[in-house]
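Notes follow the structure.
In what follows, chains are A, B, ... by sequence order, proteins preceding strands, each numbered from 1. Keep in mind that what you see is a predicted model, and the values were worked out from it rather than measured.
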Amino acid sequence: MTMLYSRIVETYQKIEATTKRLEITKLLVDLLKETPSEIIDKVVYLTQGKLYPDYLGIEIGIAEKLAIKALAIVTAAKESRIADEYRRRGDLGDAAEALLAGKTQVGLRNERLTVEEVYGVLDRIAESSGPGSVESKIRQLTLLVGKASSMEAKYVVRTALGRLRLGVADMTLLDALAHALAEGKESKPVLEQAYNRSSDLGFVAKALASDGIDAIKSFKVTVGRPIRPMLAERLSDPQEILEKMNGSAAAEYKYDGLRIQAHLSSRKVTLFSRRLENITDQFPDLHTLLKEGISDDEIILEGEAVPVDPSTGELLPFQLVSQRRGRKYELEKTIQEIPVALFIELPRRREALEKIIRRSEKLDLSRQIIVNKPEQLDDFMQQAVADGCEGLMIKSIGPDSIYKAGARGWGWIKYKREYKSEMQDAVDLVVVGAFAGRGRRGGTYGALLLAAYDGKDDVFRTACKCGSGFKDEDLAKLPDILEKFKISHRHPR
DNA sequence: AATGGCTGCCC
DNA sequence: ATTCTGC
DNA sequence: GCAGAATGGGCAGCCATT
């Protein structure tokens with residue numbers, strides 16, 4: 001059983017032509033129904049713009065610069081030509097389609113691309129490493145695009161970049177799987193739970209396609225396999241927060257660190273990041289801390305790893321702990337230099353946690369109080385900020401306060417200092433440049449380059465970019481407003 | 001051996 | 001991370 | 001309100017170049 005890549009492309013094209021969610025889902029349902037079960041995982045991954053679940057950490061390793069090089073080779077054009085087209089359209093896939101316009105044939109051999117072939121080539125690109133691998137990645141992408149029609153090329157390029165931009169992500173795929181291969185809407189929660197427990201949508205799809213919904217129902221949480229993390233909503237008004245929480249809630253320090261999901265079994269400890277990368281090697285100190293400080297050998301915990309000054313216990317800036325994330329070299333040295341503390345908490349599990357934890361300076365429960373008045377939230381917030389935290393996490397303590405993966409509902413709410421205007425500073429900056437937008441920002445600006453005036457030397461010093469907070473309407477006006485100030489040279493100041 | 005471009009992940 | 005938009 | 005897609009700074013590693 002095989003499937004032509006053009007079949008997927010057909011669906012992508014139709015999805016791109018609409019913004020209606022129901023229609024998008026229906027189109028995916030039709031595709032998934034026609035997909036042979038042996039390759040349904042591949043179709044799901046490709047539609048997510050990846051090849052494997054996040055936690056395996058296998059990346060294609062192609063982004064815009066390398067894709068531009070490949071497209072330059074395929075189209076026999078200069079890289080600058082491709083880059084111009086990209087700037088103009090805001091999407092490299094669109095640029096590829098335009099530059100290959102009218103190309104329907106697949107080279108000399110009259111063979112059409114299959115899903116397996118596209119996946120296989122991207123997989124080999126992902127595998128490439130070591131000296132010469134950049135060239136090899138480019139060459140392989142070049143050959144793949146060379147075999148594709150212009151329309152196929154558009155989506156091959158977008159998939160390689162990991163940005164399909166179809167308005168389809170995991171929740172829509174789950175919806176579509178429920179309708180295509182199970183009993184429709186009523187199956188969605190079961191599928192979603194399986195996804196939350198496995199963190200692998202391709203795996204869920206495959207199990208569903210080959211073994212049916214009953215196999216999905218038996219998915220269990222497994223120590224050692226990461227679960228999807230619970231996310232929080234944001235609110236800036238303490239009153240509103242308490243209303244959402246039905247009057248009272250647990251308020252906790254929101255520590256400024258790295259989120260850690262720790263899996264403890266009798267055999268080993270495994271640590272995962274928020275996107276479920278395995279970061280066990282980077283935190284052997286936490287490994288030891290957990291082994292010695294937790295008297296339960298089969299448990300999944302979650303917490304925040306925060307850099308600390310061991311002599312004072314003071315919490316230090318996030319950037320420090322991020323020096324440990326992903327580090328492979330000079331690890332021991334960095335661990336010495338940047339010790340971290342782990343603050344753990346789970347909803348409605350505080351009492352249970354207190355029983356199994358040996359609290360210390362380096363391993364503790366998140367600082368928490370129960371609140372039922374807005375003023376208590378503000379007082380506690382002041383304390384949290386004074387203690388080096390970002391603000392508060394407010395967690396429901398009602399009977400419904402379970403761990404819910406994803407940003408589902410209002411179980412957790414974050415309340416940060418920067419949401420409060422009186423706790424912010426303002427700065428005056430001037431626009432000194434702009435960057436081409438991507439995707440829906442194609443043809444307009446993606447971000448502005450801002451600078452501050454330095455009176456001492458009479459120069460403008462660039463401070464940051466600003467690419468958010470624009471309404472579509474604002475964004476549309478910006479080029480008109482700014483274009484007349486555009487200069488082709490670098491301003492002397 | 002040092003540096004810089006690029007990519008991906010953390011917030 | 002924050003912010004905006006269409007459903 | 002949900003889901004998705006724009007966007008930020010800053011970190012490390014990998015590879016190519018010098």
Point to revise | Distance test, side-chain N/O of A:Lys414 to OP1/OP2 of C:dT2, below 4.0 Å | key: yes
Practice item. Whole angstrom is fine here: how far is it from CZ in A:Arg259 over to C1' in B:dC10? Key: 13 Å
Practice item. For A:Glu390 and for A:Thr19, find the nucleotide of DNA chain C with the closest heavy atom, then tell me which residue's nucleotide is more 5'. Key: A:Glu390
Review point. So which one's nearest nucleotide on DNA chain C is more toward 5', A:Gly469 or A:Arg274?
Key: A:Arg274
Review point. Counting only N and O atoms by type, is there a donor-acceptor contact under 3.5 Å from the side chain of A:Arg89 to the main-chain atoms of A:Ala95?
Key: no
Practice item. Pick the C1' atom in C:dA1 and in B:dG8, then give their distance to the nearest Å. Key: 16 Å
Exercise for review: May I ask you to say what A:Lys416 touches in the nucleic acid, namely base, sugar-phosphate or nothing, with a heavy-atom cut-off under 4.0 Å?
Suggested key: sugar-phosphate
Exercise for review: For the pair A:Tyr52 and A:Tyr119, name the ring-plane relationship: parallel under 30°, tilted 30 to 60°, perpendicular over 60°.
Suggested key: perpendicular
Review point. Above 12 or not: heavy atoms from other molecules or residues under 6.0 Å from CG of A:Asp474?
Key: yes
**Study point:** Nucleotide nearest A:Leu66 when distance is taken to its side chain, options C:dA1, B:dC9, B:dT7
**Key:** B:dT7
Practice item. Looking at every strand, decide which applies to A:Gly57 at a 4.0 Å heavy-atom threshold: base, sugar-phosphate, or nothing. Key: nothing
Practice item. Remember a base hit wins even if backbone is also touched, and classify A:Leu22 as base, sugar-phosphate or nothing at under 4.0 Å, heavy atoms. Key: nothing
Practice item. Classify the nucleic acid contact of A:Tyr255 as base, sugar-phosphate or nothing, counting any heavy atom under 4.0 Å across all strands shown. Key: nothing
Check your understanding: Salt bridge between A:Asp30 and A:Lys26, side-chain N to carboxylate O under 4.0 Å?
Key -> yes
Check your understanding: If you draw a 6.0 Å radius around CD in A:Glu135, do more than 12 non-hydrogen atoms from other residues or ligands fall strictly inside?
Key -> no
**Study point:** Contact letters for nucleotides 1-7 of chain D, in which S counts primed atoms plus P, OP1 and OP2 and B counts the base, heavy atoms under 4.0 Å
**Key:** SSSSSSS
Exercise for review: Find the distance A:Leu161:CG to B:dC9:P and express it as a whole number of Å.
Suggested key: 14 Å
Practice item. Using a 4.0 Å cut-off on protein heavy atoms (strictly under), produce a 5'-to-3' string for nucleotides 12-18 of chain D with B for base contact, S for backbone-only sugar-phosphate contact, and - for none. Key: SSSSS--
Review point. Heavy-atom count around A:Lys404 NZ within 6.0 Å, excluding the residue itself: above 12?
Key: yes
Exercise for review: Would you mind reading off the distance between A:Glu418 atom CD and C:dA1 atom P, rounded to a whole angstrom?
Suggested key: 10 Å
Point to revise | Whole-Å distance separating the CD atom of A:Gln282 from the P atom of B:dG8 | key: 18 Å
Practice item. Would you please classify the geometry between the A:Phe460 ring and the A:Tyr453 ring as parallel, tilted or perpendicular, with 30° and 60° separating the classes? Key: tilted
Revision key, fill the gap. Separation of B:dT7 atom C1' from A:Lys50 atom NZ, nearest Å, is 17 Å
Exercise for review: Whole angstrom is fine here: how far is it from CG in A:Leu429 over to C1' in D:dG9?
Suggested key: 15 Å
Review point. When the distance from CD1 of A:Ile279 to C1' of D:dC11 is rounded to whole Å, what number comes out?
Key: 14 Å
Exercise for review: From the options A:Gln261, A:Glu302, A:Arg225, select the one residue that forms a side-chain contact (heavy atoms from CB on, under 4.5 Å) with A:Phe272.
Suggested key: A:Gln261
Review point. In whole angstrom, what separates A:Arg275's CZ from C:dA1's C1'?
Key: 13 Å
Check your understanding: Do A:Arg124 and A:Glu127 sit within salt-bridge range, that is, some charged N less than 4.0 Å from a carboxylate O?
Key -> no
Exercise for review: Can you figure out which of B:dC10, C:dA1, C:dT5 approaches the side chain of A:Leu258 most closely?
Suggested key: B:dC10
Review point. According to the interplanar angle, ranging from 0 to 90°, do the rings of A:Tyr403 and A:Trp412 count as parallel (below 30°), tilted (30 to 60°) or perpendicular (above 60°)?
Key: perpendicular
